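This structure is a prediction, so every number in the text was calculated from the model and none was measured. Order of listing sets the numbers, starting from 1, for every ligand and every atom in it.
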Amino acid sequence: MDLHTNYPELSDLRRRAKRRIPKFVWEYLDSATGAETTKHRNRQSLDRIGFMPSVLHGEFDPDLSTSLFGADFPLPFGIAPIGMSGLIWPDAEGHLARAAARAGLPYCLSTVATQSPEDLAPHIGKDAWFQMYPPRDPDIRTDMLNRARSAGFNGLILTVDVPVASRRERQTRSGLTNPPRLTPRLLAQVAMRPAWAMGIAQRGMPHMRMLDKYKSTSTQGLSSTAHVGYLLRTSPDWDYVKWLRDAWDGPFMIKGVLRPEDATTLETIGADGIWVSNHAGRQFDGAPASIDMLPAIRAATTLPIIFDSGVETGLDILRALALGADFVMMGRAFHYALAALGPIGVDHLIDTFKKDLIANMGQMGARSLQDLPAPIDLDQRV
Ligand SMILES: Cc1cc2nc3c(=O)[nH]c(=O)nc-3n(C[C@H](O)[C@H](O)[C@H](O)COP(=O)(O)O)c2cc1C
């Protein structure tokens with residue numbers, strides 16, 4: 001079967017994924033917060049960014065490679081951290097880490113994933129990053145950093161756009177709790193998705209394995225949500241960032257930055273990379289589209305910029321790079337691909353992005369990612 005014939009675009013994978021995972025899991029993966037206007041704004045703002053086609057360049061194979069923090073990558077994108085990834089598809093963390101390693105791309109593991117750094121150590125490639133939700137206890141903090149480092153993760157990401165718990169109304173409506181409690185309603189949804197159910201039955205109900213080690217007497221008796229909340233103080237401050245900077249000797253990125261002034265301050269206090277993101281609209285429905293903030297943040301810092309939020313195509317990747325990003329990450333897209341077709345779906349999606357990058361760079365006459373033309377605002381042209 002030629003996957004490019006049957007699934008030429010991410011939307012084809014998304015449609016199939018929706019038919020293969022239970023409703024409550026779909027709502028977890030696909031939803032945003034509030035009326036989901038930030039999520040839609042991400043798409044609308046990306047669509048507004050165009051490029052003038054440039055003709056008569058003759059034949060050429062565009063160079064899609066780039067480098068970040070001194071490492072070379074064949075393609076300018078990677079896999080963003082997703083909590084409870086293994087609930088979305090059985091062994092998602094393993095499948096995605098292996099796919100990233102095969103393609104030579106970075107994979108990020110979330111603190112609240114369903115596999116620990118140790119679980120993933122045999123599967124990661126040369127560039128894997130650990131995303132931290134900040135534990136309040138300094139001993140746990142140090143231990144988590146040591147575990148990530150010893151498992152082979154060489155980049156650290158501190159996510160700062162979850163200072164309070166998000167209200168994800170669509171997800172709540174679906175009946176999903178933390179940990180997932182299989183009520184008769186949820187079980188009915190599971191019964192309709194046999195491939196997902198079999199995979200989960202084989203591996204056991206997913207939970208946040210990294211945190212198992214820290215179940216102490218002080219948190220016994222707390223519900224699982226309270227336990228996670230107790231461990232992971234999700235509202236760090238500037239001192240916390242400085243502490244982490246001193247404690248980690250590899251690339252250190254701050255994820256969830258939208259204000260140019262914050263990027264400047266983060267550079268001053270020693271961050272290595274600014275990760276521009278609105279968490280795909282999952283945290284704050286009043287936030288601007290991440291892509292709209294990119295030019296001002298580019299102007300405010302000399303640090304490498306990593307970008308995410310609603311990227312769905314090679315053209316979207318080019319839009320972000322042309323507006324000042326050095327690297328692009330995607331979260332949901334890879335999970336749609338995995339749920340749709342299994343691990344082969346992830347390889348296929350990477351290849352789809354590659355083909356789309358080549359097709360669009362051909363239209364612009366761009367021979368490399370460093371050679372992209374300045375973007376134009378399509379709304380101003382019509
Ligand atoms: C289901 C889901 C879970 C997520 N969990 C985390 C997480 O644990 N840590 C984190 O930093 N970001 C998390 N994110 C945000 C992603 O890392 C990333 O910022 C976002 O998904 C990018 O947008 P995209 O999904 O449109 O590509 C999550 C996103 C989704 C969709």
Side-chain angles (χ1 to χ4, degrees), residues 10-11 13-14 17 21 24-33 36 38-46 77-89 92-93 96 106-116 129-134 144 155-163 165-166 168 170-171 174 176 178 180 206 208-211 228 231-232 234 236 253-258 273-284 287 289-291 306-314 316-317 319-320 325 327-339 346 349 353:
L10 179 63
S11 59
L13 298 168
R14 183 175 180 275
I21 56 184
F24 67 94
V25 178
W26 175 258
E27 298 293 67
Y28 169 61
L29 171 62
D30 195 63
S31 66
T33 194
E36 309 199 343
T38 298
K39 180 181 174 186
H40 295 299
R41 230 181 337 273
N42 283 334
R43 183 68 261 152
Q44 284 161 0
S45 290
L46 281 162
F77 58 86
I79 303 181
I82 300 286
M84 293 298 286
S85 196
L87 175 73
I88 298 165
W89 197 254
E93 292 90 355
L96 293 174
Y107 169 77
C108 301
L109 177 69
S110 164
T111 312
V112 292
T114 70
Q115 295 190 49
S116 66
W129 303 339
F130 173 66
Q131 177 264 322
M132 185 170 243
Y133 277 133
M144 280 186 177
L156 176 68
I157 299 145
L158 176 69
T159 299
V160 294
D161 59 3
V162 190
S166 156
R168 241 167 268 136
R170 176 142 72 98
Q171 182 185 306
S174 77
L176 178 62
N178 181 13
M208 300 165 183
R209 277 174 55 84
M210 184 169 201
L211 307 185
V228 171
L231 283 174
L232 307 178
T234 48
M253 296 153 257
I254 310 298
K255 175 171 183 281
V257 178
L258 289 177
I274 304 294
W275 188 317
V276 175
S277 169
N278 61 21
H279 220 109
R282 290 167 76 80
Q283 301 305 128
F284 182 30
S290 304
I291 197 79
I306 297 105
F307 176 84
D308 80 31
S309 302
V311 172
E312 295 180 315
T313 60
D316 286 345
I317 294 170
R319 287 168 161 145
F327 211 79
V328 174
M329 303 298 278
M330 284 160 278
R332 284 182 294 218
F334 290 113
H335 288 75
Y336 296 145
L338 179 64
V346 184
L349 183 62
F353 288 140

Can you sort out the partners of W275 under side-chain hydrogen bond (donor to acceptor under 3.5 Å, both in side chains), two or more places apart, ordered by chain and number? D308

State which residues pass salt bridge (charged side-chain N to carboxylate O under 4.0 Å, His left out) with R209; sequence neighbours excluded, sorted by chain then number. D119

Partners of R14 by salt bridge (charged side-chain N to carboxylate O under 4.0 Å, His left out), sequence neighbours excluded? D30

For a 4.5 angstrom cut-off between non-hydrogen side-chain atoms, does Y336 reach L10? yes

Enumerate the protein residues lying less than 4.0 Å from ligand 1, judged by heavy-atom distances, in chain and residue-number order. Y28, L29, A80, P81, I82, G83, S110, V112, Q131, Y133, T159, K255, S277, H279, A280, R282, D308, S309, G310, M330, G331, R332

Does S166 use its side chain to pair, donor to acceptor, with the backbone of R282 at less than 3.5 Å? yes

Only one of R168, R170, R41 clears salt bridge (Lys or Arg N to Asp or Glu O under 4.0 Å) with E36; which? R170

